[in-house]
Amino acid sequence: MVVEADELQAELESKGELMLAVSEFDEPLEMHLHDTEIDDESVRIELTDGVLTFDVEEVVSMWHHTHSLADFGLED
C-alpha cells in the first residue's frame, strides 16, 4: 500500500487519530490531529518527551484505532 501525504492528512482530519505501520519501526504508531504535522515528504509527531519524524513514503498502512467497552472491562 502506498500512502500519499494528502490522503494521510485527510484521514487524520476526518478521524482525529490514526494508527500507522511505518517500515522503520517494529510497533504501530498512534498519531492525533493535535500533535501531528504532515507535509509532502514527512510526518512529525510531537511526543511528551521529544519529536518523532519520518518520511511519508515509510508509511505502509494506516487504520482508525477504536476502543470498546470490553477493552476497559466495562462490558455488560
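All values below were derived from every heavy atom in this structure, side-chain atoms included, with hydrogens, water molecules and symmetry-related copies excluded. All of these numbers come straight from a predicted model, not from anything done at the bench.
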- What pairs meet the salt bridge (Lys or Arg N to Asp or Glu O under 4.0 Å) rule with one or both residues in residues 5-23, with sequence neighbours excluded?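 Checked against salt bridge (Lys or Arg N to Asp or Glu O under 4.0 Å) - neighbours excluded - no pair reaches residues 5-23.
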- Listed by chain and number, what are the side-chain hydrogen bond (donor to acceptor under 3.5 Å, both in side chains) partners of Glu30, not counting sequence neighbours?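 Scan of Glu30 (side-chain hydrogen bond (donor to acceptor under 3.5 Å, both in side chains), adjacent residues dropped) gives His32.
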- Query: Looking at residues at least two apart in the chain, or sitting in another chain, which of them share a side-chain hydrogen bond (donor to acceptor under 3.5 Å, both in side chains) with Ser23?
  - Reply: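 Expected list: Glu58.
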With a cut-off of 3.5 Å and sequence neighbours excluded, list every side-chain donor-acceptor pair involving residues 61-69.
unit_1	atom_1	unit_2	atom_2	d
His65	NE2	His67	NE2	3.3
Ser68	OG	Ala70	N	3.3
Ser68	OG	Asp71	N	3.2
Ser68	OG	Asp71	OD1	3.4

Could you pull out all donor-acceptor pairs under 3.5 Å where a side-chain atom in residues 41-53 meets a protein atom, sequence neighbours excluded?
unit_1	atom_1	unit_2	atom_2	d
Ser42	OG	Asp39	OD1	3.2
Ser42	OG	Asp39	OD2	3.3
Arg44	NH1	Glu46	OE2	3.1

- Are Val59 and Met19 in one and the same hydrophobic cluster, where Ile, Leu, Val, Met, Phe, Trp and Tyr link if side-chain heavy atoms are under 4.5 Å apart?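 No, because Val59 and Met19 fall into different hydrophobic clusters, even though each may have its own neighbours under 4.5 Å.
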- Identify the two heavy atoms, one from Leu20 and one from Leu8, that lie closest to each other, and give their separation to 0.1 Å.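 Taking Leu20 first and Leu8 second, the nearest heavy atoms are CD2-CD1, 3.6 Å.
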- Message: Restricting to non-hydrogen atoms, name the atom on Val22 and the atom on Leu29 that form the minimum distance, rounded to 0.1 Å.
- Response: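 Looking at all heavy atoms of both residues, the shortest contact is CG2-CD1, 3.8 Å.
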